Amino acid sequence: MGTVTNHVTNHVAGSQPATPQDPELREWVESFEALVEESGPERAAQILEQLRAHAERTGVPLHFTANTPYVNTIPFDKQPPFPGDQEIERRIKSIIRWNALAMVVRANRVEHNIGGHISTYASQATLFEVGFNHFFRAHTKDAEGDFIYFQGHAAPGIYARAFLEGRLSVQQMENFRRELHPDGGLSSYPHPWLMPEFWQFPTVSMGLSPISAIYQARFNRYLEDRGLKPKSDSKVWAYLGDGETDEPEALGAITLASREQLDNLIFVVNCNLQRLDGPVRGNGKIIAELEAIFRGAGWNVIKVIWGCDWDALLEHDTEGALVKRMGEVVDGESQKYVVEPGAYTRQHFFGADPRLLKLVEHLSDDQVRKLRLGGHDPRKVYAAYKAAVQHRGSPTVILARTIKGYGLGEAGEGRNITHQQKKLNEDELREFRSRFGIPIRDEDVAEAPFYRPPENSPEMQYLRARRQELGGFVPQRSVLAPPVKADLSELFREFEAGSEGREVSTTMAFVGMLRKMLRDPEIGKLVVPIVPDEARTFGMESLFRQVGIYAHGGQKYEPVDLHTLLYYKEAVEGQILEEGITEAGSVCSFTAAGTAYATHGINTIPFFIFYSMFGLQRIGDLVWAAADMSARGFLLGATSGRTTLAGEGLQHQDGNSHILALPIPNLRAYDPAYAYEIAVILEDGIRRMYRDGERIFYYITLMNEPLVMPAMPEGSREGILRGMYRLKPAVNGGKKAKLRAQLLGSGAILPETIKAQEILHGKFGVAADVWSVTSYKELYRDAVDADRANLLHPAAKARVPFVTSSLAGAPGPIIAASDYLKALPLTVAKWMPRHPVCLGTDGFGRSDSRAALRRFFEVDAAAIAFAALAELHRDGQVDAATIQRAIKDLGIDPTRPNPVTV
Ligand SMILES: Cc1ncc(C[n+]2csc(CCOP(=O)(O)OP(=O)(O)O)c2C)c(N)n1
Ligand SMILES: [Mg+2]
């Protein structure tokens, strides 16, 4: 995409004068104008396109550019009248500007270095306010409302508006960035977890909101196409920084939006030409670059570069000299015009051509300096928004030129330091106050007090009337969906019985459960299977036919496998989101579906199934954002474990994800080994999330190793959910045995543990119990919670962690083996009756068979059995000769290097 155009030089295209001097060209232009006149612009465009094709055919290579001249897309004569009261809106905006600035300045006086951003909102204010006054619709009983992703660093502006609206108190404003204050405070950025009735979308990790907005817009369509909600004209607005577009996620999915014709999606890129350190493209033009990228990707692009002040100049630019100059100045130079006095701009910008100097000779230097840019001109912004909401057939991006730190003057306007500016001195505050006409007295200004006009003032009345007209306040979040009954115990009964000798993988078992859930009368419709091009890997292709793959436009071709039972069926009402190879996109769909209970009042239940190594490791930040949003649903890390993926190797074999799941506070993570364990976890999860409304979601790992699934042991349900249960007690309960051991196995390694139990019993007379540990994370959460309670209540009866009570009275060494890092069982070692030996798969994976891999990582049955014997030897219960025999019989090589190092 980056090679679409040389965006700086191409702007010369727009520099042709209206009446060219060149006689040959003039003739062409005149005939063209006649054509437009007689046959209309559509026909003229057609002819031009055919001419272009003809030129290509005749071997006349035409330079390709996706750029248009560096001027507003909507010319002055196509600009609709501004419907609001511009003066009142300006005054409201000025007050919000002041309060947004004041909250940052005040917060940093109370608490040095508490942070906050002034300049981002300062550049955004008009872009937001035109939205608030004329476009952003709230959710109401009758209307869905819009979905708005506010640029995270502009949060002070959103708070400042909510303060005027009476939704936030002075106390809260006062405690910006001090959420722990006893009187309550405000979170630094949009975080629904922290302000669940206010924020809807976390946007502060750059790049995540654009991709999330795209998939949100697509999911909104999906719900309509599947008949889960009525069609609506609701829009998804995403406000991004121009610097933010460097994040791969920001632009990585834009072709999905155009492919899906998401005309319910509007991006607004705040092109202040600056990011944190300096210019976004000092030596280029970010607006032109983005224009080419988005136009190339099939978006409707609306540039809002110049304010109304420039219209008169452009009108007199009969020879195109001004448009040419606009197109050739690099952004680093444009930034300079913001910082320098007007004389500089006159000399360096207009001075490049005597015709330009003439254009501005009637303006003073100060007037030249103040020539307003598009993103600060409500009339231009309104025109762009109106065109965007009316546009059909493709998504729209608005590229709005603004000034970073607008209004800060010497304190930061357009300066490279502006992003970090949080402290203004008295003079600077006074200047800002005066520039925006805030009624605060000179003697008070140093305090930077908040200002709210009286309730009966024209400003307040206007503000309220506008929001009332648009349905209420935004942003606002509420949980709209009624709980589901969802009792799946009957549905899943068959999985409790085991597979009766048949070998199935847990992935296959899960797909069986999914198939059943899809047929369930209550939740069937709500299930949203999401897969990034791995359905066949996971044996899910039968679902293609059962419920269809979602395709907004339906299936426009006859699939090659139509004659087969499980053909590739795409359908408008298809239920599966087959995302293609994008885990990032898939998790955005997961989040959209998992938050529909709040955004739409619909309890969709997403099941996003992926290669576990390409999950939390690759898209952890998006999962973190899903957690912030209290997304519900199930993440399924398939082909999990470092030793279950025979043949694949270092990049694919996952021994990490359960460690990566540890830090996400509301993510329940399970590493089950058997079908019935999964059934119990799913059933409980759906109940907790969708009936009881708990703010949790699930990560479950699945394997592709075929196993005979045993029947569910009596009384194991609680242990499965809480993290561990005794799966196979030692023979005779180990009663008469002298040598005892406890073998803890998880997921893929549980069967090795059972084999080790047999080896120990058969060859070494050790009676070992086998435990299935379904979740070290659950054990850990419970134990640290108990520890904390005990710490804070030393006089009360001590709470015993579940892992401790489970292993109480379980004699002998403890060997904990999993297909993950040794660190996983170590998280609960402290609460076990004795220090466990942890076996795991630290290190890089290898391509080989499962058996070879388990040997290599020392997690096979032999390694587990040997670990138990070695511990018993240390305890003085097994002699050296037995150890020697074990080394030989079990094929242990004590001299081999540690697999983590090779
Ligand atoms: C993923 C990520 N990386 C880095 C940051 C830190 N950061 C916050 S704002 C910012 C600059 C933003 O520039 P831009 O997107 O142009 O927004 P502006 O403030 O100029 O409107 C950076 C680097 C972040 N929030 N997220
Ligand atoms: Mg920027």
Side-chain angles (χ1 to χ4, degrees), residues 97 100-101 104 115-129 131 149-158 177 187-191 199 201-213 237-252 267-282 284-290 293 304-305 330-332 334-335 338-339 373-376 381 397-408 412-422 584 587-588 618-626 628:
R97 282 182 183 284
L101 171 133
V104 177
H117 299 84
I118 295 171
S119 296
T120 299
Y121 178 69
S123 64
Q124 279 271 10
T126 301
L127 299 178
F128 283 167
E129 279 304 297
Y149 292 71
F150 293 104
Q151 199 183 343
H153 293 79
I158 308 298
R177 290 191 162 230
S187 76
S188 50
Y189 303 115
H191 292 301
W199 294 116
F201 306 109
T203 48
V204 80
S205 179
M206 311 238 118
L208 303 195
S209 82
I211 189 170
S212 303
W237 295 79
Y239 283 83
L240 356 167
D242 47 359
E244 181 172 11
T245 60
D246 280 337
E247 289 285 2
E249 291 92 343
L251 302 182
F267 275 11
V268 182
V269 188
N270 176 18
C271 295
N272 53 29
L273 314 189
Q274 289 178 249
R275 43 177 163 72
L276 194 152
D277 285 340
V280 177
R281 294 286 183 272
K285 288 172 96 67
I286 186 65
I287 293 181
E289 184 175 329
L290 292 173
I293 291 171
V304 187
I305 307 175
V330 295
D331 286 355
S334 298
Q335 187 188 347
V338 174
V339 172
L373 294 172
H376 294 296
V381 174
V397 59
I398 293 167
L399 304 172
R401 169 77 164 97
T402 63
I403 291 170
K404 190 146 179 168
Y406 186 73
L408 289 185
E413 193 169 75
R415 320 261 149 156
N416 280 338
I417 49 87
T418 196
H419 190 83
Q420 310 284 61
Q421 177 62 281
K422 332 185 178 299
V587 75
C588 290
R618 183 164 181 137
I619 45 155
D621 202 19
L622 280 160
V623 177
W624 186 256
D628 188 349

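When a residue number appears, it is its place in the shown sequence, counting from 1. One-based numbering, in listed order, for ligands and for the atoms of each. Predicted model, so just to flag it, every value in this text is computed and none were measured.
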Q. Does Thr120 bring an N, O or S atom to under 2.8 Å of the Mg ion (ligand 2)?
A. no
Q) For the Mg ion (ligand 2), what is the closest N, O or S atom on Asp242? A) OD1
Q: State, without any angle test, whether Asn270 and Glu244 hold a side-chain donor-acceptor pair at a distance under 3.5 Å.
A: no
Q: Look at the side chain of Gln335 and the backbone N and O of Gly414, then say whether any donor-acceptor pair between them is shorter than 3.5 Å.
A: yes
Q: Go through the steps to decide whether His419 and His153 satisfy the test side-chain contact (heavy atoms from CB on, under 4.5 Å), and finish with yes or no.
A: CA-CA 10 Å; His419 190 83; His153 293 79; 4.2 Å; yes
Q: Considering only NZ, NE, NH1 and NH2 on the basic side and carboxylate oxygens on the acidic side, decide whether Asp331 and Arg401 come within less than 4.0 Å.
A: no
Q: Indicate the ring-plane relationship of His376 and Tyr406, choosing parallel, tilted or perpendicular according to the 30° and 60° boundaries.
A: parallel
Q.
Closer than 3.5 angstrom, by distance alone: can the side chain of Thr203 be matched with the main-chain N or O of Phe150 as a donor-acceptor pair?
A. yes
Q) Is it true that some N/O/S atom of Asn272, main chain or side chain, lies under 2.8 Å from the Mg ion (ligand 2)? A) yes
Q: Could you tell me how the ring of His191 sits relative to the ring of Tyr189: parallel (under 30°), tilted (30 to 60°) or perpendicular (over 60°)?
A: perpendicular
Q | Proximal protein residues to ligand 1, non-hydrogen atoms under 4.0 angstrom | A | Thr120, Gln151, His153, Val204, Ser205, Met206, Gly241, Asp242, Gly243, Glu244, Glu247, Asn270, Asn272, Gln274, Arg275, Leu276, Lys404, His419
